[in-house]
Amino acid sequence: MTAISKVSDREKLKPRREPYWHRVSAGCYLGIRVLTASSPGSWVARYRDTDTEKQHYKALGTLDHLPDNERFDAAVKAAREWFNHLGMGGSTETFTVKDACDRYVKHLTRTKGDKAAHDVKRRFDQYVLDNTRFANTELAKLKPVSVESWRNRLQDRATKDGGVRTASTLNRDMTSFRAALNLAHADGLVASTLPWRGKLTPIKGADGRRDVYLDRTQRKKLIEAAAPDLGLFLRALCLLPLRPGALAALTAGSYDKRLLTLTIGKDKAGKDRKIKLPPATAAAFEAAAKDKLPTAPLFARADGKAWNKDAWKHTFRDAADAAKLPSDATMYTLRHSTITDLVHGGLDLLTVAQISGTSVRMVEAHYGHLRSEVAATALERLAL
């Protein structure tokens, strides 16, 4: 062992390829490699696996951004973080931001299906992996300032429609990236969550209560103003509190006319669910499935293709304008309106959540205020 803790000690070291080692703890060493007399030296950590007796090494860099007298302490700190990481079963391999994103997409494919994985992969491709330098950053070298810079760039970017990125949209994009980094940490690929823990926190209040509500008369006017194929699709959205994308993904085989049940495939909620339909609602879905192959879209466009957000975006806006609806009404407004009616009508929140494919917590957050009138009506019945 050679003294390397002081600047004066390191200045006396002769150049050589083999690092000069300093023992940190049992099996854990910090070294400095001096290749030339004028170089600042490059720090390296060495760890001995007590199970396999294999030695592992990690380059820590020159740390020449720090004053000479601070480099040893900084190197010891970085080495200890790595030693602790390995001691808790962490990986000795090097993983990048891109690796973390790719692994998370595979994780979603296994746990939530191709659709959820495809949506997150699209976000990563557009907002994370488009910056090659950031994507190739080693997780162990990821810094809070670089994560904050990524977030700021994302926040400043316009949406694909050229609009301003809302806080709600920013939260969704950050959530996927944060989940990928957290999975990497949980799997032992990186020692700490510090680089992103405080930089990818969601903006509070971004997903507040949805205020745009269409009453039954407005919904009828919208359906009447729409083209026939879109009108059928809109009517179905007014009958059930489904996400537009989930309804668009239904096939004729999703409806069981014998049991009057509709099977909703994996959507944002992440798993299939069955909904028992009342006769009037079942009749609309039975008519839509009539004479169609089980794999055909249950509600198709005029050309026979399934609906998607690009296909309904402009046609919905035209119908909404013709029906003189609020300018901020969207396809999702129909889901909000039907859920509002169910909650206001007294249906318990658990059942509403199950039908809608969401959590009770989300229903409470967005619609819990509507229960006050239901409660008032119930209390009125207690009057003597």
Side-chain angles (χ1 to χ4, degrees), residues 98-130 154 159-161 168-184 202 207 229-230 232-234 236-237 239-256 261-275 285 288-289 292-301 303-313 316 330-336 338-339 353-359 361-363:
K98 182 180 185 303
D99 293 329
C101 292
D102 291 343
R103 294 181 77 261
Y104 184 64
V105 170
K106 292 178 181 178
H107 167 76
L108 284 181
T109 301
R110 293 192 302 270
T111 59
K112 293 192 175 182
D114 293 336
K115 186 174 181 180
H118 176 76
D119 176 68
V120 169
K121 184 179 185 304
R122 176 183 58 79
R123 294 179 190 272
F124 288 161
D125 289 342
Q126 291 178 343
Y127 308 130
V128 182
L129 307 183
D130 62 324
L154 178 62
T159 63
K160 67 178 183 178
D161 295 328
S168 178
T169 301
L170 179 63
N171 278 353
R172 286 194 294 272
D173 293 331
M174 287 195 303
T175 294
S176 299
F177 186 37
R178 184 175 66 250
L181 295 175
N182 284 341
L183 178 64
D207 297 310
D229 56 347
L230 180 62
L232 292 174
F233 189 71
L234 295 175
L237 285 175
L239 293 173
L240 292 174
L242 303 181
R243 296 179 179 86
L247 181 66
L250 295 179
T251 63
S254 302
Y255 174 69
D256 187 332
T261 58
L262 187 68
T263 299
I264 312 300
K266 293 181 180 179
D267 62 359
K268 188 176 179 180
K271 58 184 179 181
D272 293 352
R273 65 186 189 279
K274 292 183 182 294
I275 301 177
F285 282 83
K292 290 183 178 178
L293 294 174
T295 56
L298 183 57
F299 293 96
R301 292 143 59 184
D303 59 6
K305 297 180 180 179
W307 284 100
N308 58 56
K309 60 183 178 181
D310 292 325
W312 71 56
K313 180 168 56 178
F316 174 86
T330 65
M331 291 284 279
Y332 208 91
T333 302
L334 297 177
R335 171 177 162 86
H336 164 62
T338 55
I339 294 178
Q354 291 173 336
I355 295 174
S356 306
T358 189
S359 66
R361 181 183 65 81
M362 289 298 293
V363 175

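- Ion pairing of Asp125 with Arg122 is absent here, as no side-chain N (NZ or NE/NH1/NH2) approaches a carboxylate O to less than 4.0 Å.
- Relative orientation of the Phe285 and Phe299 rings is perpendicular, given thresholds of 30° and 60° on the angle between their planes.
- Considering CG of Asp310 and NZ of Lys313, their distance stands at 5.5 Å, rounded to 0.5 Å.
- Residues Val120 and Ser176 come closest through the heavy atom pair CG2-OG, 3.9 Å.
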Apply side chain to side chain contact (heavy atoms under 4.5 Å, CB included) to residues Leu154 and Gln126 and explain how you reach the verdict. CA-CA 10 Å; Leu154 178 62; Gln126 291 178 343; over 6 Å; no
Can you check side chain to side chain contact (heavy atoms under 4.5 Å, CB included) on Thr263 and Asp256, steps first, answer last? CA-CA 8 Å; Thr263 299; Asp256 187 332; over 6 Å; no
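- With respect to the salt-bridge test (charged N to carboxylate O, under 4.0 angstrom), the residues Lys115 and Asp119 do not qualify.
- Under 4.0 Å is where a charged nitrogen must lie from a carboxylate oxygen, and between Asp173 and Arg123 at least one such pair does.
- Rounding to the nearest 0.5 Å gives a distance of 6.0 Å between CE of Met331 and CG of Leu230.
- When the side chain to side chain contact (heavy atoms under 4.5 Å, CB included) test is applied to Thr251, the partners found at least two apart in sequence or on another chain are Ser254.
- Ala100 and Ala184 get closest at one heavy-atom pair: CB-CB, 4.1 Å.
- Heavy-atom minimum distance, Arg243 versus Thr358: NH2-CB, 4.0 Å.
- Residues Ile339 and Arg335 have side chains in contact (heavy-atom distance under 4.5 Å, counting atoms from C-beta outward).
- For Ala117 against Val105, the heavy-atom pair with the smallest separation is CB-O, 3.6 Å.
- The salt bridge (charged side-chain N to carboxylate O under 4.0 Å, His left out) search around Asp114 returns none, not counting sequence neighbours.
- Without hydrogens or angle criteria, Ser356 side chain to Ala353 main chain gives no donor-acceptor distance under 3.5 Å.
- Taking the side chain as every heavy atom from C-beta outward, Phe124 and Tyr104 approach each other to under 4.5 Å.
- Ile275 has its side chain within reach of Leu242: a pair of non-hydrogen atoms, C-beta onward, lies under 4.5 Å apart.
- Between the Lys292 side chain and the Pro297 main chain, a donor and an acceptor come within less than 3.5 Å of each other.
- In terms of modelled atom types and a separation under 3.5 Å, the side chain of Arg103 and the main chain of Leu183 share no donor-acceptor contact.
- Side-chain contact check for Leu250 versus Tyr255: every heavy-atom pair is 4.5 Å or farther apart.
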Is there a side chain to side chain contact (heavy atoms under 4.5 Å, CB included) between Leu240 and Ile264 once you walk through the steps? CA-CA 11 Å; Leu240 292 174; Ile264 312 300; 5.7 Å; no
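- Here the side chains of Leu234 and Trp312 are not in contact, with every heavy-atom distance at 4.5 Å or above.
- His118 meets the side chain to side chain contact (heavy atoms under 4.5 Å, CB included) test with no other residue; sequence neighbours excluded.
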